[in-house]
Amino acid sequence: MTDNAQPPHMVYAYAVLRPTPEAARAVAAVRGVADEQVGLVETGDLAAAVGPVPAEEFEEDALRAGLERLPRLAALARGHHGVVAALAPLGAVLPLRLATVYRDEDRVRQILQERRDQFLPLLERLAGHVEWGVKVYTDPGDPGDQADQADHSDSADQADSGARDGAAASEAAGERALGPGRAYLAARVRRRRGAEDAWQAAARAAARIAEEAGSLAVGRVAHRPQRGELAKAAAGGEKAGGEQPGGAHAGGAKARGENIANDAYLVPAARAEDFRSRVLAAADGQPGVRVEVTGPWAPYSFSLPPEAAVRPEPA
């Protein structure tokens, strides 16, 4: 083997935390993304939870190719979160980005030393806090859903809904009186207008929810709304197809509607359930809007500032 030969293993890093006996016991009980035994790499008052992974699967090109396949991405996300979730009850944990891989443990120690002045304040800030996710979707709903919503609306809403339904019925009747070509174009215009109305309703609901959530949270990160295949994967489970972190999931995982808000909130752990109930209450009774509240999680969205983010390194 030459000096430039690929080593048989690389080091996958999951999270940064304090080195304690409790942390050592916790990692000893979990397996990582490659079913490897996870351990701690320590340097002074910091540690990283890491595991040895096969170099042929986790070197730069192979890893990039794997992350482009949703089944592989989902499996990697589940394994990554499994380790972080096992450590989260210990206190402040800084989850590292998915697929953070280093050549060896010496490089991990070097990162911990170089970024000590960034990691330690973050550990202090995040102690006693959890992350909640809030997503807002447009939701065309089923006819049965719409009837249920009407049953729970007040009289003014019912009158308004009846007026809209009457107008829509008249418009549809007018379309039937047109020739086939003109009727088709008129129907398209009506559907487009309905989609725009749904988006505006969801945007108003998102603003109300953000105001309510912001009164309880100490931090917020607005993620890019999910689209396409990523949105489909998320509909089956958060964090790229994995199980719901923390097990809580409100609002249903229906793969319909457009995601217009995808926010993460940093919430004191003592107010976690209050946050969930008040956000759901703010979204209650909003026809054409679907809200998902997920958590509590380890603070993925708040663990690293952008300039300090640890990225996968080439071997």
Side-chain angles (χ1 to χ4, degrees), residues 13-18 23 26 30 48-49 74 76-100 118-137 206 209-226 230-231 233-235 237-251 253 259 261-283 291-306 308-310:
Y14 296 91
V16 174
L17 67 164
R18 298 280 194 175
V30 296
L76 198 66
R78 284 193 296 269
H80 185 96
H81 173 67
V83 175
V84 174
L87 297 173
L90 301 176
V93 174
L94 308 181
L96 296 178
R97 290 179 184 229
L98 186 69
T100 297
Q118 296 167 335
F119 289 142
L120 287 178
L122 280 169
L123 285 169
E124 292 291 336
R125 176 182 180 234
L126 298 179
H129 292 77
V130 294
E131 176 177 330
W132 283 88
V134 179
K135 296 180 183 179
V136 180
Y137 298 84
I209 290 167
E211 182 177 2
E212 184 68 22
S215 69
L216 297 168
V218 299
R220 175 192 178 198
V221 172
H223 294 297
R224 181 180 301 173
Q226 293 176 331
L230 182 59
E238 286 299 319
K239 299 297 181 191
E243 296 179 357
Q244 299 291 350
H249 187 185
N259 179 210
N262 180 17
D263 296 339
Y265 292 91
L266 185 65
V267 180
R271 307 188 73 179
E273 287 306 319
D274 188 30
F275 176 89
R276 179 180 182 275
S277 61
R278 285 176 59 176
V279 167
L280 290 176
V291 177
E292 293 179 3
V293 180
T294 55
W297 307 335
Y300 285 88
S301 301
F302 304 89
S303 61
L304 294 176
V310 179

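For clarity, every value in this text was computed on a predicted model and none was experimentally measured.
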Reported CG-to-CH2 distance for the pair Asp263 and Trp132, which is rounded to 0.5 angstrom: 15.0 Å
Non-hydrogen side-chain atoms of Val218 and Pro268 separated by less than 4.5 Å: yes
Closest contact, heavy atoms only, Ala23 versus Leu90: CA-CD1, 3.4 Å
Nearest atoms (heavy-atom pairs only) where Tyr14 meets Gly79: CE2-O, 4.3 Å
Minimum side-chain heavy-atom gap Lys135-His223 below 4.5 Å: no
Partner set under ring-ring contact (aromatic ring centres under 6.0 Å, His included) for Tyr265, not counting sequence neighbours: Phe275
Set of residues satisfying side chain to side chain contact (heavy atoms under 4.5 Å, CB included) with respect to Ala92, sequence neighbours excluded: Leu123, Ala127
Closest contact, heavy atoms only, Leu87 versus Val93: O-CG2, 3.5 Å
Pairwise side-chain contact, Thr294 with Glu131, heavy-atom cut-off 4.5 Å (strictly under): no
Separation between CG of Leu98 and CG of Leu76, rounded to the nearest 0.5 Å: 4.5 Å
Shortest non-hydrogen separation from Arg271 to Ser215 and the atoms involved: NH1-O, 4.4 Å
Gap separating the CD atom of Glu124 from the CZ atom of Arg18, nearest 0.5 angstrom: 5.5 Å
Val84 to Pro95 - nearest heavy-atom pair and separation: CG1-CG, 3.8 Å
Pairing residues for Ala13 by the side chain to side chain contact (heavy atoms under 4.5 Å, CB included) criterion, not counting sequence neighbours: Val50, Leu96, Thr100, Tyr102
Residues in side chain to side chain contact (heavy atoms under 4.5 Å, CB included) contact with Arg125, at least two apart in sequence or another chain: Leu266, Phe302
Test side chain to side chain contact (heavy atoms under 4.5 Å, CB included) applied to Ala85 - qualifying residues, sequence neighbours left out: His81
Distance in Å, Glu292 CD paired with Asn262 CG, rounded so as to fall on 0.5 Å steps: 9.5 Å
Heavy-atom closest pair, residues Asn259 and Val136: ND2-O, 3.2 Å
Salt bridge (charged side-chain N to carboxylate O under 4.0 Å, His left out) against Glu211, all qualifying residues, sequence neighbours excluded: none
